[in-house]
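Let me begin by presenting the structure, written as structure tokens, before commenting on it.
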Amino acid sequence: QVQLVESVGGLVQAGGSLSLACAAFGQTFSDLTMAWFRQSPGQEREFVAAISYSGSTTFYPNSVKGRFTISRDNAENTVHLQMNSLKPEDTAVYYCAADYAYRFSLGLSTSYSEYDYWGQGTQVTVSS
């Protein structure tokens, strides 16, 4: 069983930056593919970023590419999401997700249905 605990999000002005962290407990962190998703009211959960178990591979959708960076510290069992140049449309509840790397044929996935373990979610609000 994997437990994920996210840091508190926050309120930031457009153009600003915010960093999220997610700590994993219960299993060997370096066995896990990690990802971030977000969800706005009335919207489906949207892929934001993913990182392979070793950290050698990352993937982002076009909506955040060049602005967001996912990283991991396997010694600290933590994954980070650095968000720069934030826009009002980035406002959402952000979720950390994880699953065992062996379950992914390509090492990671952009589909929320392929991740079994989720954090509680943290609100990020970007004001215009």
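Atom set for the values below is all heavy atoms of this structure, side chains included, hydrogens, waters and symmetry mates excluded.
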Do the ring planes of Tyr95 and Trp118 sit parallel (below 30°), tilted (30 to 60°) or perpendicular (above 60°)? perpendicular
Looking at residues at least two apart in the chain, or sitting in another chain, which of them share a side chain to side chain donor-acceptor pair (under 3.5 Å) with Gln123? Thr125
Between Asp99 and Met34, is there a donor-acceptor pair closer than 3.5 Å when you use the side chain of the first and the backbone of the second? no
Give a yes-or-no answer on whether the side chains of Thr28 and Ser30 include a donor-acceptor pair shorter than 3.5 Å. no
Determine the sole option in Leu86, Thr91, Asp90 for which the side chain to side chain contact (heavy atoms under 4.5 Å, CB included) test with Val12 is passed. Leu86
Locate the shortest heavy-atom distance separating Ser52 from Thr33; write the atom from each residue and the value. CA-OG1, 4.4 Å
List for me each residue that meets side-chain contact (heavy atoms from CB on, under 4.5 Å) alongside Ala49, sequence neighbours excluded, and say none if there are none. Tyr60, Ile70, Leu81
Flag yes if more than 12 heavy atoms outside Leu106 fall under 6.0 Å of its CG atom; otherwise flag no. no
Determine the sole option in Phe104, Phe47, Trp36 for which the ring-ring contact (aromatic ring centres under 6.0 Å, His included) test with Tyr115 is passed. Phe104
When the ring planes of Tyr100 and Tyr102 are compared, do they come out parallel, tilted or perpendicular, using 30° and 60° as the limits? parallel
Between the side chains of Ser111 and Ser109, does any donor sit under 3.5 Å from an acceptor? no
For Phe68 and Tyr94, take the angle between the two ring planes, folded into 0 to 90°, and tell me which bin it lands in: parallel under 30, tilted 30 to 60, perpendicular over 60. tilted
